[in-house]
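Each remark here refers to the structure printed beneath this line.
These numbers were taken from a predicted model, which means no experiment stands behind them. Reminder, nothing fancy here: chain letters follow the sequence lines and each chain counts from 1.
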Protein chains: 2
Amino acid sequence: MVKPSPMLMIPGPTPVPQEVLSELAYPPMGHRSGAFKDIMLAIQPKLQWLFQTQQPVFTYAASATGAMEAALVNTVNPGQTVLVLACGVFSQRWADIAKRLGIEVIEQAVEYGQPNSLSDLDAILSGPDADRIKAVCLIHNETSTGVINPVEAMARLIRQKTPDALIIIDTVTGLGAAPFDFDGWDIDVAVSGSQKGFMLPPGLAFLAVSQRAMQRHAQVANPGFYFNFTDNAKSVGQGQTPWTSATTLCRGLLKSLELMEDDGLDVLHDRHRLNRQITRAAIQAMGLSFLVTDEAAASPSVTSVLKPDGIEVADLRGILSNEFGLTIAAGQKHLKDGIFRIGHLGAIFPRDVFTAISAIEAVLHRLDYNRAPLGAGITAAQQEWTNACRVAITS
Amino acid sequence: MVKPSPMLMIPGPTPVPQEVLSELAYPPMGHRSGAFKDIMLAIQPKLQWLFQTQQPVFTYAASATGAMEAALVNTVNPGQTVLVLACGVFSQRWADIAKRLGIEVIEQAVEYGQPNSLSDLDAILSGPDADRIKAVCLIHNETSTGVINPVEAMARLIRQKTPDALIIIDTVTGLGAAPFDFDGWDIDVAVSGSQKGFMLPPGLAFLAVSQRAMQRHAQVANPGFYFNFTDNAKSVGQGQTPWTSATTLCRGLLKSLELMEDDGLDVLHDRHRLNRQITRAAIQAMGLSFLVTDEAAASPSVTSVLKPDGIEVADLRGILSNEFGLTIAAGQKHLKDGIFRIGHLGAIFPRDVFTAISAIEAVLHRLDYNRAPLGAGITAAQQEWTNACRVAITS
């Protein structure tokens with residue numbers, strides 16, 4: 001049966017450019033060969049550019065959850081305390097991992113759909129618990145809700161109030177989509193993953209680490225083996241990883257980073273912002289509502305839409321998949337059936353957003369949704385794109 | 001510049017069949033999609049077949065070192081004691097990992113090139129330390145030396161002498177090349193990796209786990225997060241992994257396992273044994289010496305050859321690489337410049353062994369090696385293959 005090629009518009013895995021896919025099918029190299037070392041040495045400054053850091057960035061054969069565990073197990077001793085700023089499933093994972101490792105957790109959570117609150121953070125960091133907080137774990141872009149946090153302001157506040165606390169950030173779906181400045185914001189550990197803005201399949205995780213974090217690491221009694229910072233720090237400058245790299249994914253990574261560098265950070269961020277603006281304009285014109293109502297907190301990587309009355313998310317997703325070969329995401333946890341999420345992260349372009357909006361709008365109408373006339377959504381998307389072009393051309 | 005395509009004859013990464021390479025370039029799927037679940041559900045019984053077990057086999061996005069750490073961190077508490085049987089770099093790693101995790105290690109090591117000794121094992125398991133041994137860590141095939149251990153007999157002895165000790169095995173370069181029977185030998189944890197007999201790029205690690213090991217896991221205070229047995233056991237039956245899978249590698253894995261299943265275990269093992277016999281016949285005819293002199297301990301995955309006087313391993317490897325696009329391995333640790341290793345693991349066939357032997361023999365002669373006439377090695381290889389065919393045809 002001839003079918004349209006699968007089209008992924010979820011917040012990861014994201015589509016992989018053809019140039020990168022071709023690299024993935026190249027026969028594996030020896031992981032200790034000179035040719036592979038050259039690839040790893042070429043990757044390192046590009047990763048540093050993407051994280052905006054002079055510090056080393058480790059490449060793990062793992063998914064990002066592994067790098068999150070790495071961040072904690074390497075820098076915090078069991079029995080010590082961390083503050084976790086939760087705003088969804090993935091930021092909450094910091095607390096889950098910490099507890100599993102025997103680390104004490106102070107948790108500050110907001111309702112799903114909200115960004116973390118600077119004033120609440122200020123209150124905790126000014127309160128009686130501040131002294132024992134060894135690290136603050138937060139998220140840049142919360143994939144489960146489509147919220148982007150004001151990380152720059154959060155980091156400034158943390159550094160000001162608790163100068164010795166490590167700032168540990170999940171930027172799994174933020175990096176490459178939104179500005180991130182590891183050195184400029186004085187971050188200590190930042191984690192990302194290959195199947196997101198990196199436009200690669202899953203299987204690689206990245207971790208940038210400050211000197212402050214390396215010093216803290218030296219005081220950790222039991223920092224584990226596979227993800228160990230000392231071993232990785234020793235290897236990274238030599239174009240090596242301590243254990244066997246996922247060589248074919250690394251080969252793809254080099255190509256991906258080259259493509260990203262060709263664009264430059266501004267172009268990457270502008271494209272993601274445009275994806276978001278087109279999506280939000282269309283959703284609004286269709287009479288649908290956002291989970292994230294605060295425009296400043298609306299993610300450039302993923303847009304969450306509240307399920308309209310009378311429509312089941314499973315029906316919408318099922319028809320999109322069966323009829324159009326298009327995958328969008330449902331919600332997670334208690335939002336599972338309450339929202340759908342449109343990913344516009346990585347190698348997603350306005351053309352793809354047009355496709356998704358047209359299809360979603362058509363399916364909703366087929367399901368007797370009638371809060372706006374058919375075509376209103378895609379027309380608003382076209383208009384938004386036209387406006388953005390006009391600005392770009394005249395500015 | 002037109003060059004011969006790279007030819008890897010190291011004990012991993014191994015060559016990847018074209019059918020598998022093509023799968024790796026397929027666009028990523030959603031890791032929670034039904035289509036990906038179907039792949040994982042299809043993989044599970046095939047992994048169980050390869051490990052010869054009814055128990056679950058976990059698939060980690062990691063290299064095998066990660067799965068080795070998983071084996072220990074999930075089943076042994078810090079302060080408890082394990083016995084490590086070391087016979088080379090990789091079996092020694094069990095001790096390195098255990099110590100890093102705060103586990104007490106009793107180490108029984110043999111000289112590189114020897115298999116572990118059953119009588120020494122018997123002595124330890126009959127001695128005063130036996131009672132406190134919670135697990136025995138050993139290796140099936142020691143990649144750094146080219147030794148295969150008598151695992152069946154070792155496991156029987158361990159189970160007989162210390163019935164409660166877990167038997168934890170690294171079969172990273174054993175599985176698929178030599179007989180392995182997880183259930184039949186009453187193994188508790190076995191670890192392997194994708195870039196070996198699995199004929200895939202690096203990036204996936206596999207771990208089979210017995211009920212006894214799961215029970216022990218339940219008593220472990222701090223079993224970690226990313227590699228956690230409980231989470232993986234919960235997911236595996238549902239065609240899921242707890243965290244994001246390396247989806248493209250899993251897609252390749254299914255194809256690889258299908259190819260292996262088409263052959264059947266006997267054919268796979270016979271081919272590796274034949275590779276070894278052809279290699280050893282040629283090496284011997286060339287007047288070279290083996291690191292592993294005990295024929296019964298000679299690995300079907302990799303053959304280690306002592307460097308002849310007057311030849312540098314680096315020169316041999318360099319010319320093979322530059323002139324023939326052929327990569328063989330040097331030694332590791334103190335054997336680095338003392339041996340070279342010919343990998344014949346995974347998608348390596350007698351044709352490839354002929355190629356390697358011809359090239360190695362020619363390069364040695366170009367380097368003025370003259371302990372046997374040019375052609376003696378490859379002729380012996382041809383003869384060995386002919387003999388094996390004759391047996392196969394008449395039997």
Which portion of Pro27(A) sits near chain B, non-hydrogen atoms under 4.5 angstrom: both
Taking the side chain as everything from C-beta on, heavy atoms only, tell me whether Met68(A) gets closer than 4.5 Å to Trp243(B). no
Under a 4.5 Å heavy-atom cutoff, which of Phe225(B), Tyr26(B), Phe227(B), Tyr60(B) has the most pairs with chain A? Phe225(B)
Under a 4.5 Å cutoff for heavy-atom pairs, which residue among Asn228(A), Thr65(A), Thr327(A) has the most contacts with chain B? Thr65(A)
Residue Leu101(A) versus chain B: region with a heavy atom under 4.5 Å: both
For a side-chain contact (heavy atoms from CB on, under 4.5 Å) check, start with the C-alpha distance between Asp231(B) and Arg100(A), then their side-chain angles and the critical distance, and finish with the verdict. CA-CA 12 Å; Asp231(B) 295 321; Arg100(A) 196 79 75 80; 3.0 Å; yes
Check Gly30(A) against Ile10(B) and note the closest heavy-atom contact, atom names and distance. CA-CD1, 4.0 Å
Between Ser63(B), Ala329(B), Ala246(B), Ser22(B), who has the most heavy-atom pairs with chain A when the cutoff is under 4.5 Å? Ser63(B)
Chain B heavy atoms under 4.5 Å from Ser194(A): which part of the residue, side chain, backbone, both or neither? neither
What part of Ser321(A) lies closer than 4.5 angstrom to a heavy atom of chain B: side chain, backbone, both or neither? neither
Intermediate values then yes/no, ring-ring contact (aromatic ring centres under 6.0 Å, His included), Tyr226(A) and Tyr226(B): CA-CA 11 Å; Tyr226(A) 184 67; Tyr226(B) 184 66; 7.9 Å; no
Top contributor to chain B interface from Gly102(A), Gly224(A), Gly203(A), Cys250(A) [non-hydrogen pairs under 4.5 Å]: Gly224(A)
Tell me, side chain or backbone of Gln18(A) under 4.5 Å from chain B's heavy atoms, or both, or neither? neither
With respect to chain A, which residue among Ala70(B), Gly66(B), Pro242(B), Gly193(B) yields the maximal number of heavy-atom pairs within a distance under 4.5 Å? Gly66(B)
Rounded to the nearest 0.5 Å, what separation is found between the CG atom of Leu249(B) and the CG atom of Leu24(A)? 8.5 Å
Could you check whether atom NZ of Lys37(B) has more than 12 heavy atoms from other residues, nucleotides or ligands sitting under 6.0 Å from it? no
Glu69(B), Arg32(B), Arg93(B), Gln195(B): which one forms the most heavy-atom pairs within less than 4.5 Å of chain A? Glu69(B)
Which atom of Pro202(B) lies closest to which atom of Thr244(A), heavy atoms considered: CB-CG2, 3.7 Å
Over all heavy atoms of both residues, which pair between Pro13(B) and Met29(A) is shortest? Give the atoms and the distance, please. CG-O, 3.4 Å
Reported OG1-to-CG distance for the pair Thr248(B) and Leu200(A), which is rounded to 0.5 angstrom: 9.0 Å
